[in-house]
Amino acid sequence: NIDQNFMELVGIFLAEGSLNNHSVSFSINREENNLKNHIIALIKKVFGLDEKAITINHSNASKCLTIQVSSSPLRRFFWYYICENQKRYAYTKKIPEILLSQDTQLLLSLIKGFFLGDGYARGRNNNNNNTYEAKLTTTSKILALQISDCLIRSGIKASCIYEPADSTISNTKDNYRASLTHPVYNIMLYGDVAEELYNLKYNGDIKKNISPRSDFEIVEINNHKFIKSRIKHIKISRSVVNEDVYCLTVPSHNFVLNGILTHNCGRGLGYNNDDMQALAALVPCHRGKNYTLQMCLFGDEEEGFEPVAGFK
């Protein structure tokens, strides 16, 4: 029976699951006690297994805890229907085709499960943007695309930040530093959806589900699909800043800026359009955000950014 519990367990498996000879395993942080109990409860509810089939293993060498379900029929089920009869590595995992056609609430249950396994969120007070932020991380490009598509179908906008394989990740709290052997795709969510995910993982709301949204509609223009989104809030700053303002114009008068379809201001400065496009192409992007012109011209000592040579 494909219900919300089943889809959520599949999502957790896509994040933290693996197959052994005669068992299915879920590996999580040993401190995630709520998630451990939640996975065990889902296994019992979805597949009707009892405690005798479930073993909890602790690793002395790491902070890992493994929930091992000893069941050859269950292992065969995951092999044929979830892994689609193929050996899956972290960077080749994907949502099975049979599940992609389910309704949006079921897909959101799968995404919830994946977030519980490989997700992170932070609250408004811990974010420079003064809003909730949530991140779902995977090394599988196709899985990142599938999750993004499922979110759009559910009325939820998301952005994806790409980290190349030769970059380095670090965690000063745990004294952790490692080089990425595969590219990483971070699916970013903000606002009320991120707040829901934050409460799911950190405030004891683990049994609640993500709600579909209707904040935008998908429209088709000249065989291209665009997201039409209503502006919720506009904040006008009256502070006076002693800086130059630049007006960039493109020949078509329409361009996409950070995923937003934008139009020229309607009044140029007399500069050549080709020159302006070449200048715009010089603006670097760091972790999904473009440099400001201030950073391009003068750099940012606090963040360690050098001025962009093309702007000198």
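In this chain, numbering begins with 1 at the start of the sequence shown.
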Consider only side-chain N and O atoms of Thr137 and Asp118, and report whether a donor and an acceptor are under 3.5 Å apart. no
Within a reach of under 6.0 Å around CD of Gln105, are more than 12 heavy atoms found that belong to other residues, nucleotides or ligands? yes
Identify, with sequence neighbours excluded, every residue that meets ring-ring contact (aromatic ring centres under 6.0 Å, His included) alongside Phe26. none
Go through the steps to decide whether Phe13 and Phe78 satisfy the test ring pair (Phe, Tyr, Trp, His ring centres under 6.0 Å), and finish with yes or no. CA-CA 9 Å; Phe13 177 81; Phe78 272 86; 4.7 Å; yes
Could you note down all residue pairs passing salt bridge (charged side-chain N to carboxylate O under 4.0 Å, His left out) where residues 9-28 supplies at least one of them, sequence neighbours left out? none
Apart from Leu145 itself, what residues make up its hydrophobic cluster when side-chain heavy atoms of I, L, V, M, F, W and Y under 4.5 Å apart count as a link, directly or indirectly? none
Suppose clustering is done on Ile, Leu, Val, Met, Phe, Trp and Tyr with side-chain heavy atoms closer than 4.5 Å. Which residues sit in the same group as Tyr91? Tyr89
For Tyr80, what residues pass the ring-ring contact (aromatic ring centres under 6.0 Å, His included) criterion, not counting sequence neighbours? none
Those residues that, when tested against Glu84, pass salt bridge (charged side-chain N to carboxylate O under 4.0 Å, His left out) (two or more places apart): Arg88, Lys94
Can you tell me which residue pairs pass the salt bridge (charged side-chain N to carboxylate O under 4.0 Å, His left out) test with a partner in residues 38-49, sequence neighbours excluded? Lys44-Glu51
Show your reasoning for whether side-chain contact (heavy atoms from CB on, under 4.5 Å) applies to Ile2 and Met7. CA-CA 7 Å; Ile2 299 178; Met7 293 290 278; 3.9 Å; yes
Partners passing side chain to side chain donor-acceptor pair (under 3.5 Å) against Glu8 (at least two apart in sequence or in another chain): His38, Lys112
Rounded distance [0.5 Å steps], CG in Leu14 versus CD1 in Ile111: 11.0 Å
Mind checking what makes side chain to side chain donor-acceptor pair (under 3.5 Å) contact with Ser25, not counting sequence neighbours? Asn20
Compute both the distance and the angle, then confirm whether Lys141 meets the cation-pi test with Tyr185: under 6.0 Å from the six-membered ring centre, within 45 degrees of the axis. no
Would Gln68 and Ser23 count as a side-chain contact (heavy atoms from CB on, under 4.5 Å) if you check the C-alpha gap in whole Å, the side-chain angles of each, and the deciding distance to 0.1 Å? CA-CA 7 Å; Gln68 185 170 326; Ser23 63; 3.5 Å; yes
Excluding sequence neighbours, so at least two apart, what forms ring-ring contact (aromatic ring centres under 6.0 Å, His included) with Tyr81? Phe77
For residues Tyr120 and Tyr198, determine if any side-chain heavy atom of one lies less than 4.5 Å from a side-chain heavy atom of the other. no
Kindly write out the residues that satisfy side chain to side chain donor-acceptor pair (under 3.5 Å) with Asn209, not counting sequence neighbours, or none if the list is empty. Gln4
Main-chain N/O of Ser140 paired with Thr138 side-chain donor or acceptor, under 3.5 Å: yes
Side chain to side chain donor-acceptor pair (under 3.5 Å) partners for Lys36, two or more places apart: Asn33
Flag if over 12 foreign heavy atoms under 6.0 Å of CD1, Ile98: no
